[in-house]
Amino acid sequence: MDREKILSKNKEDNMFIDEYEKHIKSKGKSFGLAFTLLVCIAVYLIKLFSNEDCTDILTVIWAVAAGSMGYEAYLTKDRVKIILTVFFLFFMLYYFVRFIITVL
């Protein structure tokens, strides 16, 4: 291949986003997810030590875990990740139902 053909192919491949931008977005989303989980765990611990009902924050924690793992399972088609996603969804629904029951 000549230089112009390689450059045009590279330009087509990176038409919408280049590798550096992909890396930044990926790391940003990972950091955001980890930060969200840390804040949720902190709120959970505060509510736990205050003897408050924690089902709302547990629902959020399991939902974040299920969403993250579910997306990864969808992309990779990995059986273990699919099973973990179902496991996380089960706990999310369990705590959500408990939360609804305590509110009503």
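For reference, positions follow the sequence shown, starting with 1.
We find the CD1-CD1 distance between I41 and I46 to be 12.5 Å, quoted to the nearest 0.5 Å. Distance OG1/T85 to CG/D78: 9.5 Å, rounded to 0.5 Å. To the nearest 0.5 Å, atoms OG1 (T76) and CD1 (I82) are separated by 7.0 Å. With rounding to the nearest 0.5 Å, the separation of OH in Y95 from OG1 in T59 is 9.0 Å. Atoms CD1 and CG, on I100 and L93 in that order, are 11.0 Å from each other to the nearest 0.5 Å.
Residues L37 and Y44 fall within the same hydrophobic cluster, defined by Ile, Leu, Val, Met, Phe, Trp and Tyr side chains chained together at heavy-atom separations under 4.5 Å. Clustering ILVMFWY residues whenever any of their side-chain heavy atoms sit less than 4.5 angstrom apart, transitively, puts M92 in the very cluster that holds V43. Tracing side-chain contacts under 4.5 Å through hydrophobic residues (I, L, V, M, F, W, Y), one never reaches V64 starting from Y71; they form parts of separate clusters. W62 and Y94 fall within a single hydrophobic cluster, where Ile, Leu, Val, Met, Phe, Trp and Tyr are joined by side-chain heavy atoms under 4.5 Å apart, directly or via other members. Note on F90 and V80: same hydrophobic cluster, where clusters join Ile, Leu, Val, Met, Phe, Trp and Tyr whose side-chain heavy atoms are under 4.5 Å apart, directly or indirectly.
Ring pair F87/F91: centre-to-centre distance below 6.0 Å.
The side-chain contact (heavy atoms from CB on, under 4.5 Å) test with F99 is passed by exactly one of T55, L58, L104: T55.
Cation-pi geometry between K47 and F49 is not met at under 6.0 angstrom from the ring centre and within 45 degrees of the axis.
The heavy-atom pair separating C40 from V60 by the smallest distance is SG-CG1, 3.6 Å.
Counted within 6.0 Å of NZ on K77, heavy atoms from surrounding residues, nucleotides or ligands total more than 12; the atom is thus considered enclosed.
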